[in-house]
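Here's the structure, in structure tokens; my notes come after.
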Amino acid sequence: MDLDRALMRLLDATTAEVYTKDELRQKLEKSAKTGKPLRVKLGVDPTAPDIHLGHAVVLRKMRAFQDLGHIGVLIIGDYTARVGDPTGRSKTRPQLSDDEIEANAKTYKEQVFRILDPERTEIVCNGDWFKELAFSDVIRLASRFTIARLLERDDFTIRLGKNLPISLHEILYPVMQAYDSVMVKADVELGATEQTFNILMGRQLQDQMGQERQIGLLAPILTGICGSVRMSKSIGNYIGIMEKPSDMFGKTMSIKDELIGEYLRLATDFEASHIERLERALADQSKNPRDIKFEVAKRIVAIYHGDEAADEAASEFERVFSRGMAPSEMPVMTLHEQHITDGRVWIANLLKIAGVATSNSSALGLVRQGAVSLDGKQVTLDHADVKVASGMVLKVGKHRFFNIQLER
RNA sequence: GGGGAGAUACCCAAGUGGUCAAAGGGGGCAGGCUGUAAACCUGUUGGCGUAGCCUUCGGAGGUUCGAACCCUCCUCUCCCCA
């Protein structure tokens, strides 16, 4: 693959900004000439064990580098997790305990190889170098940065404007991330656009410490399925890459129309020309947006579960939601003897056992609103003690189904 | 170190002695309409087997027949000055 094709591949729609394009070209050129692969860094905080499509944009970018023969260096921020990245936060993040960090890092590793090439991936923990630093080293490192520069970033400006607290340790976060770049001798650092500041700090620090500056390659931020803010585990508006095909499909179908183009560009791996065609169809309304969304959903499932699973998810979706039938597979809820009197169960208890409600009040609220049905028959407050038998289907809301099984 | 402001439910925010389980907005959930879209309309959003009761307004005490509201101490945050 020649240089221009490689550049085109790397700088597709999933790249929002490059610092700088010329330097990237030079690095690629030099690598091709010397045969020495580039070291492409990505830092992850082991705070959110579920990797979702938002992370995937950047991970797939790393995979693109790997496919071109370069090395992906994944830094598990076990040490930075103790700090908490202030990026995009209006609040100080909680600091994690060692056990939590270890468990999270483990699940992280299990998931990333759904996307990355294990042969060309290095995984390191930044605790390896941070725990060796003496306080005097930290002071020396900190002296390379100025407060004005560190406070420049939006997150802090906003917080200062709102008179919200900023802890000293949060200021250190970009410093640590920059130091990571130095330690792994990064040629390229990947991140979402929100990482711009941190990544640029890495360039500056490498420069000061006598290294060639890394390239910053920034991916757009994927909007969450609810449509207003970025995809995030803590907000719960995400599609995880380990999720079941049917859930992935359904969640994708529930995004609003305005988001289709974004998901098309950032979350699928369609050819650029195909994406363009679909986007045009969206714009001139020559196709029903639903159908395009359908195609996007199918593609996303196919990336993580294969074509067959995607087809199944699609037909299941049509069956359940287009034709209103019960899904072919639904979670089983088991009722034990102690739950049942004379073959009946109070509906509030049933809903609590199903995990749909946490209290009688909220359960009865659902019943009152007509959201609950058993075998297709709506449950009412007047008949709140319902007869149950194995094989009955409990439906709550539009799309929560449970298969009831009696034990003994 | 000195002075000032503040902490209310998931979030923002009203409330300054009883009529407060606590206005309003956001978010969530649910119903209608749909394409499991958006927009819109409606309901719901502490707990208790569904009735009245119980526990909530940063924490601990106190005043009062009665406290989110008044007093004391404590914790935390912000602002101004040094």
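By convention in this document, chain letters (A, B, ...) are assigned in the order of the sequence lines, proteins followed by strands, and residues within each chain are numbered from 1.
- The separation of B/A68 from B/A7, taken at their P atoms, amounts to 15 Å, rounded to a whole angstrom.
- Atom CG in A/L350 sits roughly 19 Å away from atom P in B/U50 (whole-Å rounding).
- When the C1' atom is compared between B/C70 and B/U16, the two are found 9 Å apart, to the nearest whole Å.
- The residue A/A348 sits apart from the nucleic acid: no heavy atom pair falls under 4.0 Å.
- Checking B/U50, B/C48, B/U36 against the side-chain heavy atoms of A/S359 singles out B/C48 as nearest.
- Remark: A/L381, A/A384, A/D385 in residues 374-386 of chain A come within less than 4.0 Å of RNA chain B through at least one heavy atom.
- Between the CD atom of A/E295 and the P atom of B/A37 there is a distance of 20 Å, given to the nearest Å.
- Residue A/K352 is the one, among A/L160 and A/K352, whose nearest nucleotide of RNA chain B lies closer to the 5' end (criterion: closest heavy atom).
- Interface residues of residues 249-264 of chain A facing RNA chain B, ordered by number: A/G250, A/S254, A/I255, A/K256, A/D257; criterion, heavy-atom separation under 4.0 Å.
- Here, B/G49 and B/A37 have their C1' atoms 39 Å apart, quoted to the whole Å.
- Pairing of B/U75, defined by two Watson-Crick or G-U wobble distances under 3.5 Å, is identified with B/A7.
- Residue A/L364 is classed as a base contact, given a heavy-atom separation below 4.0 Å to a base.
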**OP:** Please assess A/E295 against A/K298 for the test salt bridge (charged side-chain N to carboxylate O under 4.0 Å, His left out), listing each intermediate value before the final yes or no.
**Re:** CA-CA 5 Å; A/E295 201 172 329; A/K298 221 164 138 177; over 6 Å; no
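- Listed in residue order, the members of residues 284-293 of chain A having a heavy atom less than 4.0 Å from RNA chain B are A/P289, A/R290, A/K293.
- The CG atom of A/N237 sits 13 Å away from the C1' atom of B/G28 (whole-angstrom rounding).
- Between A/C226 and A/N349, the residue anchored closer to the 5' end of RNA chain B is A/C226, taking for each the nucleotide with the nearest heavy atom.
- Proximity of a side-chain donor or acceptor of A/D375 to a complementary backbone N or O of A/V393 within less than 3.5 Å is detected.
- One C1' atom belongs to B/C29, the other to B/C73, and the distance between them is 43 Å to the nearest Å.
- Nucleotide B/G49 holds its P atom 14 Å from the CG atom of A/L351, rounded to whole Å.
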Subject >> Derivation of the side-chain hydrogen bond (donor to acceptor under 3.5 Å, both in side chains) call for A/T193 and A/T196 >> reply: CA-CA 5 Å; A/T193 48; A/T196 306; 5.6 Å; no
**OP:** Evaluate side-chain hydrogen bond (donor to acceptor under 3.5 Å, both in side chains) for A/Q177 paired with A/Q195, printing each intermediate quantity in order.
**Re:** CA-CA 10 Å; A/Q177 187 167 333; A/Q195 288 293 320; 3.0 Å; yes
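- The two atoms that bring A/P37 and A/D187 nearest to each other are O-OD2, 4.4 Å, heavy atoms only.
- Rounded to an integer number of Å, the gap from CZ of A/R400 to C1' of B/C29 is 8 Å.
- Using N1 to N3 plus N6-O4 or O6-N4 for Watson-Crick, or N1-O2 and O6-N3 for G-U wobble, each under 3.5 Å, B/U44 pairs with B/G28.
- Of the inter-residue distances, the one linking A/R39 atom CZ with A/I71 atom CD1 reads 7.5 Å to the nearest 0.5 angstrom.
- We find the NE2-OH distance between A/H55 and A/Y238 to be 10.0 Å, quoted to the nearest 0.5 Å.
- Separating the C1' atom of B/C57 from that of B/C10 is a span of 15 Å, rounded to the nearest Å.
- Atom CG of A/L282 and atom C1' of B/G35 are 14 Å apart (whole Å).
- Among the nucleotides B/C78, B/U36, B/C48, the one closest to any side-chain atom of A/F317 is B/U36.
- We find the CG-CG distance between A/N360 and A/N349 to be 6.0 Å, quoted to the nearest 0.5 Å.
- Closest to the A/P165 side chain, of the nucleotides B/C78, B/G32, B/G28, is B/C78.
- Nucleotides B/G2 and B/G15, compared at atom C1', are 33 Å apart to the nearest Å.
- For A/N360 and B/U45, the CG to P distance is 15 Å, given to the nearest whole Å.
- A/Q369 contributes a side-chain N or O that forms a donor-acceptor pair with the base of B/G43 under 3.5 Å.
- If you take atom C1' in B/C33 and the same atom in B/U45, they sit 23 Å apart, rounded to whole Å.
- When both pairing distances are held under 3.5 Å, B/A37 makes no Watson-Crick or G-U pair with any nucleotide shown.
- Note on A/R203 versus A/E189: no salt bridge recorded, every NZ/NE/NH1/NH2 to OD/OE distance being 4.0 Å or above.
- A donor and an acceptor atom, one from each side chain of A/D382 and A/T380, are nowhere located under 3.5 Å apart.
- With hydrogens and angles ignored, the 3.5 Å screen pairs a side-chain donor or acceptor of A/Q111 with a backbone N or O of A/T107.
- Atom C1' of B/C65 sits at a distance of 37 Å from the matching atom of B/C11, rounded to the whole Å.
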Original post:
Can you check side-chain hydrogen bond (donor to acceptor under 3.5 Å, both in side chains) on A/T14 and A/K61, steps first, answer last?
Top reply: CA-CA 8 Å; A/T14 61; A/K61 174 73 70 192; 2.9 Å; yes
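- Computed from coordinates, the A/H399 NE2 to B/G35 P distance equals 17 Å when rounded to whole Å.
- Classified by interplanar angle (parallel below 30°, tilted 30° to 60°, perpendicular above 60°), the ring pair A/F294/A/F249 is perpendicular.
- The residues A/E212 and A/K185 are annotated as not salt-bridged, no charged nitrogen and carboxylate oxygen being separated by less than 4.0 angstrom.
- Taking every side-chain heavy atom of A/S322 into account, B/U36 is the closest of B/G47, B/G49, B/U36.
- The partner of B/G1 is B/C81, judged by Watson-Crick or G-U wobble contacts that both fall below 3.5 Å.
- Residue A/S361 has a polar side-chain atom (N or O) positioned under 4.0 Å from OP1 or OP2 of B/C48.
- Taking a pair to require two hydrogen-bonding distances under 3.5 Å in either a Watson-Crick or a G-U wobble arrangement, B/A68 remains unpaired.
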